[in-house]
Amino acid sequence: MAMTDPVVEEGPELDPTDPYAREAQTFPRLRREMAQRVAAYGREERMPKDTMVFQRGDRSVDFFLVLEGSIEIFETDVRGEPFVVTVHGARQFTGELDLFNERQILVSARTGDDSRVVRIGRADFRRMMSSESDIGEIIMRALILRRVGLIRHAQGAVLIGPAHGADTLRLQRFLTRNAYPHRLLDTDANPDAGGLLACCQIAAAQLPVVIAPGDRVLRNPANGILADALGLTETLDPAAVFDVAVVGAGPAGLAAAVYAASEGLRIIVLEAIAPGGQAGTSSKIENYLGFPTGISGQALAGRATVQAQKFGARLAIARAVAKLDCDTTPYRLYLDDGRPVQARAVVVATGARYRRLAVENYGRFEGQGIHYAATAMEAKLCTDEEVVVVGGGNSAGQAAVFLARTARHVHVLVRASGLADTMSDYLVRRIESSRRITLHARTEVTGLEGDNFLRQVTWKNRETGMSETRPIGNVFVMIGAEPNTEWLDGCLALDDKGFVRTGQDASGRALASPFATTTPGVFAVGDVRSGSIKRVASGVGEGSVVVQAIHEFLNPGVA
Ligand SMILES: Cc1cc2nc3c(=O)[nH]c(=O)nc-3n(C[C@H](O)[C@H](O)[C@H](O)COP(=O)(O)OP(=O)(O)OC[C@H]3O[C@@H](n4cnc5c(N)ncnc54)[C@H](O)[C@@H]3O)c2cc1C
């Protein structure tokens, strides 16, 4: 559609190179020529003053560009009173990252004057974002900055509970990793949570609770229930048939989603918790190509998620797949609430979980002193310090020998009576001959203490009952990893540790793709794959490469 040039003042235009133009980048005013190009993707509408454009809680809201007049974005405060967050004038536009998904939106909008706007539906919005790349870049940056602003300032949810409590931490991690605005009221520091406990009739024993927008109180909800209450997850149509379902949104699954969606496949990602997987729990990944100063796993996952959704990938979070029915065509994946999702091809990207120690405070120090890898990066963290390595296998032995080069002392803790049965001879000899390594047999960790970081470790000899506590801030837990493959239940060949075998059929003949499993159309990538290198980069590589094999499976001979 043609847009008549509105008679408006020239506002400040975006200069993306100006580092001080944060406000202008968050609420840019498009150049007239750009606004005209955007308008061609939608239809013009007139809206009298005070027309509701959209409301908090709506899903799949359109994109609006103001031509004349204004759109006010508003929230409601704790007393339920509306307050205006920002006003979009001529050539400014509505929306934030929820334009790319079907989550319930967090703010409302109404016209501030009699207005003329362009409304662009979701499909046309995505078309515009990829076709008009210069404008797409400005809009994408604004949408990301707006989400960051919402996380910092929006009312969102209120989480009430003891800050160090395991369930409070679980809920806080869930909200944080899904970029949902929230505030924690720590009942250790503020036992009546500013009067909220009394006013909502919540007993201390019921903590933690989440007060969702609309004042709905959820008592220690499971992640899935919280996601539903906050409108965080997509509504799924059981009749829809996707080209491909990716199970798991770690680095491997997200890479598969970006490449599959960008190459036109109809794709859904089903994720049990939140995007990012194990990498999402890493405070800084320093060895991923292109990030010389490192990037947090969450930032990497957040970017990848938006990238996948920009290309049209659907993402259902807090939706664990409980079973794959591989006898049907298309394949049926049953979620943990029993609902089916149908897809012609499946990518298994459910990763692995490192075996953990059953010790109090363990989760609190994961990534803050508890490590699952001993690379140069971790070694640097403990230069001239004492460290603990838990485990009696080769990975533990290698870690101990490696760390002994820089650490002041390495304590190797094993529950068995020695290392001979589980570790290679050469490693056992090196450990025994090193003055910097002490082997503690029949010993296990019994206590972990600290503040934001691990500061002190206690271990106990199971035979003598003697305990020892030392000021140690780094523990390397090397007791193996377990694949997340229970849900595959007999559909595919697994190796003796439960990882998915790929690249060979049941009789050992090579398959067309190194990521093909023994079931046609079902592929496996990343840590879940037997023999994989357990790194972010290898997961991303496998996730992107597997898409070629999916094309070949869906359209033989065409790809
Ligand atoms: C603390 C920590 C720090 C690390 N640091 C580094 C580093 O610096 N550099 C590096 O290269 N590597 C690092 N790694 C290793 C790296 O994170 C992993 O190799 C990588 O995340 C594997 O990616 P993935 O996608 O294969 O699997 P994962 O990251 O394990 O993701 C799998 C996803 O599948 C989901 N899932 C599981 N079961 C189901 C189901 N039934 N239904 C739906 N979803 C399911 C999980 O919730 C998860 O989100 C680190 C790992 C940890 C734990």
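Order of listing sets the numbers, starting from 1, for every ligand and every atom in it.
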Do Asp527 and Arg535 meet the salt-bridge criterion of a basic N to acidic O distance under 4.0 Å? no
Out of Ile317, Val321, Asn484, Thr485, who gets a non-hydrogen atom closest to atom 42 (N) of ligand 1? Val321
Anything under 30° is parallel, anything over 60° is perpendicular, the rest tilted; go ahead and classify Phe523 against Phe553. perpendicular
For atom 14 (N) of ligand 1, decide whether some protein heavy-atom distance is shorter than 4.0 Å. no
Please list the nearest protein heavy atom to atom 17 (O) of ligand 1 with its residue and the distance rounded to 0.1 Å. Ala279 N, 3.3 Å
Is a side-chain N or O of Thr383 found less than 3.5 angstrom from the main chain of Lys380, in a donor-acceptor match? yes
Check: Ala320 N/O within less than 3.5 Å of ligand 1 N/O: no
Per-atom contacts of ligand 1 with Val247, taking only distances under 4.0 Å to non-hydrogen atoms: 42 (N), 43 (C)
Flag if over 12 foreign heavy atoms under 6.0 Å of CZ, Arg303: no
Option of least heavy-atom distance to atom 27 (O) of ligand 1 (set: Ala481, Ala524, Gly351, Gly276): Gly351
Between Arg353 and Glu486 (salt bridge meaning N to carboxylate O under 4.0 Å), is one present in this structure? yes
Does this structure show an ion pair linking Arg408 with Asp384, if we count only N-O contacts that are shorter than 4.0 Å? no
With side chain to side chain donor-acceptor pair (under 3.5 Å) as the test, pick out the partner of Asn474 among Glu378, His371, Glu386. His371
for atom 1 (C) of ligand 1, nearest protein heavy atom and its distance come out as Thr281 OG1, 3.7 Å
Non-hydrogen atoms of Val528 versus ligand 1: any pair closer than 4.0 Å? no
Pair Arg455 + Glu449: basic N to acidic O under 4.0 Å: no
Out of Ala349, Gly277, Pro251, whose heavy atom sits nearest atom 20 (C) of ligand 1? Pro251
Under 4.5 Å between any side-chain heavy atoms of Tyr362 and Val445, yes or no? no
Give the single entry among Val348, Asn287, Thr350, Ile533 that approaches atom 9 (N) of ligand 1 most closely by any heavy atom. Asn287
Return the closest protein heavy atom for atom 4 (C) of ligand 1 as residue, atom name and distance. Ser282 CB, 4.1 Å
Check: Asn361 side chain, Leu448 main-chain N or O, donor-acceptor pair, under 3.5 Å: yes
Does Gly539 come within less than 4.0 Å of ligand 1, judged by its heavy atoms? no
Which segment of Leu254 sits under 4.0 Å of ligand 1 when only heavy atoms are counted: neither
Is ligand 1 under 4.0 Å from a heavy atom in the side chain of Ala352, in the backbone, in both, or in neither? backbone
May I ask you to check whether Tyr354 has an N/O atom sitting below 3.5 Å from an N/O atom of ligand 1? no
Checking a contact table here: which protein heavy atom is nearest atom 30 (O) of ligand 1, and how many Å away? Gln278 NE2, 2.7 Å
Residue and atom name of the nearest protein heavy atom (relative to atom 34 (O) of ligand 1), distance in Å to one decimal: Gly248 CA, 3.2 Å
With heavy atoms of Leu270 as the reference, note each atom of ligand 1 found under 4.0 Å away. 43 (C), 44 (N)
Flag side-chain contact, heavy atom, 4.5 Å: Leu403 against Arg405: no
So, Arg339 and Asp337, do they make that salt bridge, N to O below 4.0 Å? yes
Check whether more than 12 heavy atoms from other residues, nucleotides or ligands sit under 6.0 Å from atom CZ of Arg59, and answer yes or no. yes
Among all protein heavy atoms, pick out the one at the shortest distance from atom 35 (C) of ligand 1; state its residue, atom name and that distance to 0.1 Å. Glu271 OE1, 3.2 Å
Just to confirm, does any protein heavy atom lie below 4.0 Å from atom 50 (C) of ligand 1? no
For atom 18 (C) of ligand 1, what is the closest protein heavy atom, and at what distance to 0.1 Å? Asp527 OD2, 3.4 Å
Report yes if some N/O of Val536 lies less than 3.5 Å from some N/O of ligand 1; otherwise report no. yes
Considering the heavy atoms of Gly526, write down every atom of ligand 1 situated less than 4.0 Å from one of them. 26 (O)
Only one of Arg319, Arg314, Arg103 forms a side chain to side chain donor-acceptor pair (under 3.5 Å) with Glu234, so which one is it? Arg314
Considering only protein heavy atoms, which is closest to atom 44 (N) of ligand 1, and at what distance to one decimal place? Ala272 N, 3.1 Å
When you measure from the side chain of Thr443 to the backbone N and O of Ala441, does any donor-acceptor pair fall under 3.5 Å? yes
Output yes when the distance from some N or O of ligand 1 to some N or O of Ala252 is under 3.5 Å, and no in every other case. yes
Looking only at N/O atoms, are Arg319 and ligand 1 under 3.5 Å apart anywhere? no
Main chain of Ala407, side chain of His409: is a donor-acceptor contact present, judged purely on distance under 3.5 Å? no
Going by a strict under-4.0 Å cutoff (protein heavy atoms only), does atom 6 (C) of ligand 1 have a neighbour on the protein? no
